[in-house]
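Scroll down for the structure; my scribbles are underneath it.
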Amino acid sequence: IADFLSFEDIADGYTVANVTTRFATARIALQGAHVMTYQQAGHAPLIWLSKFAKFAPGKSIRGGVPVCWPWFGPHASDAKLPGHGFARTVPWDLVDARVLPAHRLRLEFELVQTDATRAQWPHPCTVKNIVTVGQELEVELVTTNTGSTAFELGQALHTYFEIGDIRKTTVGGLENCDYI
């Protein structure tokens, strides 16, 4: 899949997967399995990334599609723990990469669990972020409880869209849905 996928070190200890398909390009940081950019061929970027984004191990990226896990916002009982959880600031492994029909590339990332992450989240589980790049961008965040005890979980894909003029922006697909 060398025609579709390459890797680039953009800072010391900071690797990005560069995806190029017939229909789009994307950049995904291995730290946080963070989709940094997505752009359809011949179109403006869909995903916004701040020109002031910093790329450093252990630091979150401003923009893109951050993974908020295992809580969203501040931690419910410990204000010292990072807002939106730790998943966006730790390494993820690329465990599978494959070309799909219609010139799409599917990348499956898995959260690397360490003593430090288990200290913040002691529940046995696997966490995957599955990113498919093609004419559309698909991102799936999947948590599987591998233990025998239930746990409460908060997770989100906190997407930043590239918007030229918010007054000209529309959102489709919410017909017959409840929303705020």
Work out which heavy atom in [X] is nearest to a heavy atom in [Y]; give both atom names and the distance.
X	Y	result
Val67	Ala33	CG2-O, 4.2 Å
Thr146	Cys125	OG1-N, 3.2 Å
Lys128	Trp92	C-CZ3, 3.9 Å
Thr117	Gln113	OG1-CA, 3.4 Å
Arg106	Asp96	NH1-OD2, 3.6 Å
Ile61	Ala29	CD1-CB, 4.0 Å

Pairwise side-chain contact, [X] with [Y], heavy-atom cut-off 4.5 Å (strictly under):
X	Y	value
Val133	Tyr38	yes
Trp71	Pro82	yes
Leu157	Asn129	yes
Thr37	Thr25	no
Leu49	Arg27	no
Leu137	Val131	yes
Arg104	Thr21	no
Phe109	Leu30	yes

Check your understanding: Who pairs with His84 by ring-ring contact (aromatic ring centres under 6.0 Å, His included), at least two apart in sequence or on another chain?
Key ->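 Expected list: Phe72, His158.
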
Please say whether more than 12 non-hydrogen atoms of neighbouring residues, nucleotides or ligands are located less than 6.0 Å from [atom1] in [X].
X	atom1	result
Phe52	CZ	no
Asp12	CG	no
Arg62	CZ	no
Asp165	CG	yes
Glu8	CD	yes

**Study point:** Separation of Leu105 CG from Ile1 CD1 (nearest 0.5 Å)
**Key:**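 The CG atom of Leu105 is 5.5 Å from CD1 of Ile1, to the nearest 0.5 Å.
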
[X] side chain vs [Y] backbone, donor-acceptor pair below 3.5 Å:
X	Y	value
Asp115	Ala119	no
Gln40	Phe23	no
His43	Ala24	no
His75	Ser77	yes
Gln135	His103	no

Point to revise | Pairs meeting criterion ring pair (Phe, Tyr, Trp, His ring centres under 6.0 Å) with involvement of residues 120-148, two or more places apart | key: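 Checked against ring pair (Phe, Tyr, Trp, His ring centres under 6.0 Å) - neighbours excluded - the pairs reaching residues 120-148 are Trp69-Trp121, Trp121-His123, Trp121-Phe151, His123-Phe151.
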
Given the rule that I, L, V, M, F, W and Y join up when any side-chain heavy atoms are under 4.5 Å apart, are [X] and [Y] in one cluster?
X	Y	answer
Met36	Leu46	no
Phe55	Val65	no
Ile28	Phe4	yes
Ile163	Val35	yes
Leu100	Ile130	no

Check your understanding: Quick one: side chain to side chain contact (heavy atoms under 4.5 Å, CB included) partners of Asp178, sequence neighbours excluded?
Key ->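 Partners of Asp178 by the side chain to side chain contact (heavy atoms under 4.5 Å, CB included) criterion come out as none, since no residue qualifies.
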
